[in-house]
Structure formats: C-alpha cells, structure tokens
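I have placed the structure first, in the form of structure tokens, so that the comments after it can refer back to it.
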Amino acid sequence: MITVNAMGDACPLPVVKTLNAIKGLRGPECVETLVDNPTAVENLRRLAQSRGCSFSSEKRGEAEYRVLLGVSAEAELPAEEAPACYIPPAKKRVVVAVTADHMGEGDPKLGRTLLKGFLFALGQLEELPAVILFYNGGAALSCEGSESLEDLKALEGRGVEILTCGTCLNFYGLSEKLRVGGVTNMYSIVETLAGADLVLRP
Amino acid sequence: MRERKPRLFFSFAATAAAMEAERLCREAGLPGRLVPVPRQITAGCGLAWMTEPAEGERVRAFLTERGAAYQDCVLLDF
C-alpha cells in the first residue's frame with residue numbers, strides 16, 4: 001500500500017497527489033490518502049468513480065480523514081489532465097413568509113393548529129431558513145399570547161432571523177407586544193423576499 | 001443540530017380528537033404540547049400530544065379519565 005499525505009493541502013492537490021501515486025503503480029494495489037477536509041474526501045470519491053477504483057473512507061478525527069482507493073488491474077489509468085476542483089454548492093437561502101395567523105384556507109381553528117405545527121416542524125429541518133417574515137395577520141405569531149413564541153425563540157437562538165412588519169404591528173395594536181425578533185419595514189420585506197432562493201408560504 | 005431526547009407521543013384517530021385533547025390537557029395544566037406526528041409514528045391523524053416520558057402515566061390516566069381516547073402511545077427519540 002502506498003500512503004499519500006495530503007493533510008493541509010488545498011484542492012486540487014489531494015487529487016493530484018493521489019493520481020500521481022496511482023500512476024506510479026506497477027499492478028493492483030491500494031492507495032491510502034490522508035486529508036483534512038470532507039470536500040477532499042468527496043473529490044477522491046469522484047476520482048475513484050471515474051477511474052473504476054474501489055473507494056472507502058473513514059473519519060479519524062476532527063479534521064482527519066483516511067481514504068482508501070483500491071486500484072485493480074482493470075482500473076483506467078489516469079490521463080494527463082488537470083483534475084477539476086469541486087466547490088460545494090452554496091446553501092440555498094430560504095425565507096418563510098407567514099402572512100396570516102392560520103395555515104391554508106378552511107376552518108380557522110384547524111388553520112391555527114396547522115400553523116403552530118408548521119412553525120414547530122421548521123425547527124426540525126436540518127437546514128434552517130435564513131429568515132422568517134411575519135406580516136398582516138401573521139404578525140400576531142411573534143407577539144405576546146402567541147403559542148409559537150417558544151418555537152420562534154428557539155429558532156432565533158439557532159440563527160434564524162425573525163422579522164415582523166411594523167406597519168402591521170401598529171395596525172393591530174401590537175407594537176408594544178412584540179416578544180421575539182425585530183421590526184421591519186416594507187423595503188426590507190421586499191429585499192428579503194427578492195433575495196431569497198426559495199420562499200415558503202405556509 | 002438540535003438535541004434529540006426521548007419523548008412520549010400520544011396519537012389520535014382523528015384531528016378533532018387531537019385538538020380536543022390539547023384543549024383538555026392545557027386546561028388541566030398538563031405538561032406537553034400538540035405537534036405534527038413524527039414520521040416514525042404511523043397512526044391515525046397527523047397530530048400528537050408530545051410530553052416528557054416521566055409524565056406519561058399522568059397524561060395517560062388523564063386522557064382515559066376524560067374520555068379523550070388516544071390511539072397510540074409511542075416513545076421516540078425526537
């Protein structure tokens with residue numbers, strides 16, 4: 001087995017070094033590459049796929065991964081090409097727009113129960129939304145008396161921006177009753193919605 | 001990543017029954033809350049009363065006494 005130490009190497013060096021090691025092989029053998037980030041592991045996985053090599057990886061520490069490429073006799077020999085550097089896709093910016101105190105049309109009591117469930121379930125997402133906007137009837141959800149306050153505070157604590165329309169708070173007499181997040185205006189609401197990759201409207 | 005811990009879920013055969021159970025539990029000050037039923041549980045309607053495992057007996061007795069028949073009671077890491 002050949003060991004390639006690519007700890008601390010920036011992309012595409014781990015792939016380049018591994019390719020060079022494969023090139024030097026005289027027959028079927030294992031190449032072990034040590035890297036310090038999961039992107040390098042994924043790049044090596046793609047390298048293995050493209051060359052018909054077997055692949056396995058193990059996380060050995062906070063920033064330490066061991067990747068094993070099994071190079072068989074049938075494995076395609078590397079061509080002289082510059083390996084592409086993989087850049088993980090940027091996180092999607094999700095904005096949730098809560099426009100009423102209920103979810104969907106129909107029975108209002110059921111709608112309020114559904115919205116409460118929706119805001120609870122948001123907190124179970126692996127990738128949380130960037131912002132939750134509350135406007136018109138939705139403004140009541142971030143104010144005193146809302147049964148979703150604890151859920152919203154927990155979301156805010158995990159980095160989700162909670163914003164409620166100031167015009168709406170004023171209209172409903174709730175300006176003094178906001179209990180989570182900040183107050184926003186229509187320009188910010190428009191910018192936030194326009195800047196989103198995805199808007200969820202329960 | 002949020003922390004998962006064991007929680008008890010009481011599911012119901014109908015949405016209206018779950019909402020009624022919520023009303024009763026809250027009036028009586030029982031700990032817990034109504035939540036969408038986790039995917040791991042497949043019973044009846046989509047709402048369940050979620051509470052701490054230690055409160056299970058109290059909630060179970062209360063729901064039975066008040067005629068709020070739950071369909072299932074499941075312990076789950078959630």
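Residue numbers start from 1 in every chain, and the chains themselves are labelled A, B, ... in the order their sequence lines are given, proteins ahead of strands.
Neither the backbone nor the side chain of L128(A) has a heavy atom closer than 4.5 Å to any heavy atom of chain B.
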Candidate pair E22(B) and E147(A), rule side chain to side chain contact (heavy atoms under 4.5 Å, CB included), full reasoning: CA-CA 12 Å; E22(B) 179 193 35; E147(A) 292 174 14; 4.2 Å; yes
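Crowding of E58(A) atom CD: a count of heavy atoms from other residues, nucleotides or ligands under 6.0 Å exceeding 12. For CD of E176(A), the number of neighbouring non-hydrogen atoms (other residues, nucleotides, ligands) closer than 6.0 Å is 12 at most. Residue R179(A) qualifies as enclosed at atom CZ: its count of foreign heavy atoms under 6.0 Å is above 12. When the shell of 6.0 Å around NZ of K153(A) is examined, it contains more than 12 heavy atoms from other residues, nucleotides or ligands.
In this structure, the separation between NZ on K116(A) and CZ on R33(B) is 7.5 Å, given to the nearest 0.5 Å. Atom OG1 in T15(B) sits 10.5 Å away from atom CG in D107(A) (nearest 0.5 Å).
Contact detail for M19(B) and T113(A): the closest heavy-atom pair is CE-OG1, 3.4 Å. A pairwise comparison of heavy atoms in G117(A) and P36(B) identifies O-CG, 3.4 Å as the closest pair.
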